[in-house]
Amino acid sequence: MVTKTLHCLGIEQNKKKGVWEPTQLVEHLGLEVNTKDRQFNVTPQRIGMIRAGARHLLSTARPTTVRLHTDSFLFAWGRRLQSEEIGAGFWNGDDLGCHITHLELEAITSREPALMWRMRRLRILLDLHNIELTTRHIRGEAKD
């Protein structure tokens, strides 16, 4: 029936590419499709290809450093991501007089849309690729 229908439509049957007899088990694109048991299973060959690809990716991956630099003073703050300035301003009345450590944390966690958008993207990428993020405080030079 299938052969006759294809012929009537002017489609040439490729005997090597199709399964032309009824079957309950067929392999397609690295998956074993079992209609009897209602299962899709990844073939051992496909698993091997995925593992080889993962090994290659892991062996060629290089650590990437993204630098968020903040600087706080008793009256103002600034923030750069890599070399791009993404925020700066003066402290408002509530923050004036706070300890410098509090002001440094405020400069990092401020709800500025540009920074929050980048941080959300970074978080998604980290989760997607199962990457752990570490932070490090780099002491500034003492200024006279």
Rounded distance (nearest 0.5 Å) linking atom OG of Ser72 with atom CZ of Arg79
9.0 Å
Show the atom names and distances, to 0.1 Å, of all donor-acceptor pairs under 3.5 Å that link a side chain in residues 36-52 to residues at least two apart or in another chain.
| from | atom 1 | to | atom 2 | distance (Å) |
| --- | --- | --- | --- | --- |
| Asp37 | OD2 | Asn34 | ND2 | 3.2 |
| Thr43 | OG1 | Gly30 | O | 3.3 |
| Thr43 | OG1 | Arg46 | N | 3.2 |

Would you indicate whether the side-chain heavy atoms of Asn92 and Phe90 approach each other to under 4.5 Å?
no
Between Val33 and Leu29, is there a shared hydrophobic cluster once you connect ILVMFWY residues whose side-chain heavy atoms come closer than 4.5 Å?
no
Nearest 0.5 Å, please: how far is CG in Asn14 from CD in Glu12?
8.0 Å
Mind checking the CG-OG1 spacing from Leu25 to Thr35? Nearest 0.5 Å is all I need.
8.0 Å
Closest non-hydrogen atom pair, Cys98 against Leu103:
O-CD1, 3.8 Å
Using modelled atom types only, decide if a donor and an acceptor are shared between the side chain of Trp91 and the backbone of Ala76 within a distance under 3.5 Å.
yes
Which distance, rounded to the nearest 0.5 Å, do you find between the CD of Gln13 and the NE2 of His7?
11.0 Å
I would like to know whether Asp95 and His102 meet side-chain contact (heavy atoms from CB on, under 4.5 Å); could you show each step before the answer?
CA-CA 9 Å; Asp95 293 314; His102 169 83; 3.5 Å; yes
